[in-house]
Number of protein chains: 2
Amino acid sequence: MTHEAVTRTVPRSTPHKRATMADVAALAGVGLKTVSRYVNGETNIAPDISARIGEAISALNFRRNFAAASIRPGRHSELIALIIEDIANPFYSALTGAIENALRDEGFVLIVASSEEDTARHTQLVEQFLERRVDGLIIVPPRDPGPQWVRLADEIPALVLLDRPDPQVTADTIVADDRAGGRLATELLLEGGSRRIAFVGESLDLVSVAARHRGYQDALRAAGLTPDPALRLAGDRSADAVSRTVHRLLAADPTIDGLFGSNNRSAVGILGALRELGEQRAVVGFDDFEAATLVSPQLTVVTHDLAEMGRRAADLVLRRIRGDDTEPQHVTLPVTAIRRGSDRIRPQEK
Amino acid sequence: MTHEAVTRTVPRSTPHKRATMADVAALAGVGLKTVSRYVNGETNIAPDISARIGEAISALNFRRNFAAASIRPGRHSELIALIIEDIANPFYSALTGAIENALRDEGFVLIVASSEEDTARHTQLVEQFLERRVDGLIIVPPRDPGPQWVRLADEIPALVLLDRPDPQVTADTIVADDRAGGRLATELLLEGGSRRIAFVGESLDLVSVAARHRGYQDALRAAGLTPDPALRLAGDRSADAVSRTVHRLLAADPTIDGLFGSNNRSAVGILGALRELGEQRAVVGFDDFEAATLVSPQLTVVTHDLAEMGRRAADLVLRRIRGDDTEPQHVTLPVTAIRRGSDRIRPQEK
DNA sequence: CTGTTAGCGCTTTCAC
DNA sequence: GTGAAAGCGCTAACAG
């Protein structure tokens, strides 16, 4: 207990200089290299020396300086960065969680950052992470990654693209089967009896949204219907904006009997608008979210496994770091429908 | 353009050794220190030399190795880590986003990790981050931070605790006004006409939950009611578990006319159970969430500004890093009610 | 204004 | 098994 008092750390306000390996070596009366061996878990150390080093380490409260160790060429930083549109968006939570989880199991650490769809910010983030010598980068690219992107991407030791493929860049890519998903969602609405189905989504400039829209068109044409451009509502980024647009649309054309919300913000916006109007329409969303099971009727969605996407991304980036130099992989994750009821509402039922 | 071709980066598969400052100095025909000055944006460099260095840097595609720069004593890693219960939980999204945003503006980078309420994991994460010489740590401590926590916390150069204060540890702390919030939520239910009000929440071992429960008791007593232990449902961590518990409770005691969901998972569980039962009860939640505005009637909640909490956390940690060694701050954020209707439902209205 | 020299804390030859 | 010496990429004196 007396010992306790002696070991007591200096108050945080007086930043105590941390002990170094040399300090440990001196206290234990051994060479620097032996301490290094001990710290790195190498086995060829005599038991008594090993014990002495262990004591010195806890006496000095030594902690290896990982940054110092990692500047050596050939060494990894064991740092992976993730750049997404906006961390504050719950949509990316499952993704981030799955990535962090998979990486931590392998001793890697995850840095997160939001690009906010801003080209300059995206570029700046990538450059900053290169300076920090991240071993790999997982990115949902911004709409416009900028002219320097191709060259910048080439500097990244291991790169995985999520959700938005980019043929200009050499990288592993993981996407959902967006076209099949768009088709599936639209088919559900058709089966539910809808005939005038609106497509609601973000900018069609996004590869993923465009693919979902193509699937929507596929399904309509297969049913002998002609996609009506007036029913294509694209470009709203927030749920509120979507909601206002849906208000306008339904006011202008009350014959619309089905809505496909092609991402979760769109679906939320649609539900909000219908709620405010006190009207019912058949609705199918893309991507699942908590509120989907709480509304009445519950929301039918087409979804893919975001956690799986995160795990795959982590796997791919780690594989590259470990030296896999085979052709870039392009993974398409399957989509599934979760039918909960909202796909088959008829307006008159209200 | 010929130059272009020469500059072309080696394929990712052949990890090109990055150029160092010495390479840049050699190519530009200047001293090492001058390059260092240039890179660090110092001004006292002759224009022509400056230009030569700039050219050499882009020719060699040089990027400063931040890790190498930061091992120098007195230098910062400009790394802050955030440990929360679970990143995959959307509840923490706004928090994480606000922290990342505030830190990025100051050039700091955010590492995120989930403790999953696990003591060993929490300890391991903190130790790993100390090895990486993070400048600061923002933590939502796990229920049981473990016996070594007090000493470990003392090693952290700048520490901010969120949501769960810990008197044993010297740290800045930010909490919501949980007791006032619990009281406010309960008062809303009382005003709405409820008399038998259930408290639904996570473990009362959590400081924040316990405080909300105390507020709930305060309000009941002020109204001349006696808190009934049978109406205290604590310990469920997932929305599903809450939902099952609520089912049982309402089956056992149909006279319950109000429910206080003391965190967002509890509120979601309550809404799910009521939905399944096809029953209505007055409900007030703690913490706002997207689904709250989509259910009918919309959910009334007591909430605080999570983004503000994140910003304050970032501010505090940066202030400490910059040498503020005043007394630890304990910030209590105000709570507000958002009345949306669910507080005044009478069961018979259904 | 610029360059030389000496480290930072660690790992890595390579002898003993 | 162990240790001395060299060096990673960079910055901090300190001369010129």
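Here is how names work: the chains are called A, B, and so on, in the same order as the sequence lines, proteins then strands, and each is numbered from 1. Note that these values count all heavy atoms, side chains included, but never hydrogens, waters or copies made by symmetry.
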Original post:
What is the distance, rounded to the nearest whole Å, between atom CD1 of I71(B) and atom P of dT11(D)?
Top reply: 11 Å
Original post:
Heavy-atom contacts under 4.0 Å between residues 20-28 of chain B and DNA chain D, which residues?
Top reply: T20(B), M21(B)
Original post:
Looking only at heavy atoms, what is the nearest atom pair of A19(B) and F62(B), with distance?
Top reply: O-CD1, 3.3 Å
Original post:
Is the distance from OP1 or OP2 of dT11(D) to the nearest side-chain N or O of S36(B) less than 4.0 Å?
Top reply: yes
**OP:** Indicate yes or no: does R52(B) engage E55(B) in a salt bridge with an N to O separation below 4.0 Å.
**Re:** no
Original post:
Hey, is the side chain of N65(B) poking within less than 4.0 Å of OP1 or OP2 on dC8(D), counting only N and O atoms?
Top reply: no
Original post:
In terms of side-chain heavy atoms, does S93(B) have a donor or acceptor partner in S93(A) at a distance below 3.5 Å?
Top reply: yes
Original post:
When the distance from CG of N40(B) to P of dA13(D) is rounded to whole Å, what number comes out?
Top reply: 14 Å
**OP:** Measure from CD1 on I53(B) to C1' on dC10(D) and round the result to the nearest Å.
**Re:** 15 Å
**OP:** Could you tell me whether R164(A) and E117(A) have a side-chain N and a carboxylate O separated by less than 4.0 Å?
**Re:** yes
Original post:
Are R132(B) and E127(B) within salt-bridge range, i.e. N to O under 4.0 Å?
Top reply: no
**OP:** Answer yes when R64(A) and E131(B) have at least one side-chain N-carboxylate O distance shorter than 4.0 Å, and no when they do not.
**Re:** yes
Original post:
Salt bridge check: are E155(B) and R151(B) linked by an N-O gap of less than 4.0 Å?
Top reply: no
Original post:
Y38(B) has an atom OH; how far is it from atom P of dC10(D), in whole Å?
Top reply: 15 Å
Original post:
How far apart are the closest heavy atoms of I84(B) and Y92(B), and which atoms are they?
Top reply: CD1-CB, 3.6 Å
**OP:** Check every strand shown and say whether F62(B) touches a base, only sugar-phosphate, or nothing at a heavy-atom separation below 4.0 Å.
**Re:** sugar-phosphate
Original post:
At under 4.0 Å, does any side-chain N or O of R18(A) touch on OP1 or OP2 of dG9(C)?
Top reply: no
Original post:
When you check every protein heavy atom under 4.0 Å of nucleotides 1-6 of chain D, what one-letter string (B, S, -) results, 5' to 3'?
Top reply: SBBB--
Original post:
Between R18(B) and N61(B), is any side-chain donor less than 3.5 angstrom from a side-chain acceptor?
Top reply: yes
Original post:
Taking CD from E78(B) and P from dC10(D), how many angstroms apart are they, rounded to a whole number?
Top reply: 16 Å
**OP:** On DNA chain C, check which nucleotide each of A68(A) and E42(A) is closest to and give me the residue with the more 5' one.
**Re:** A68(A)
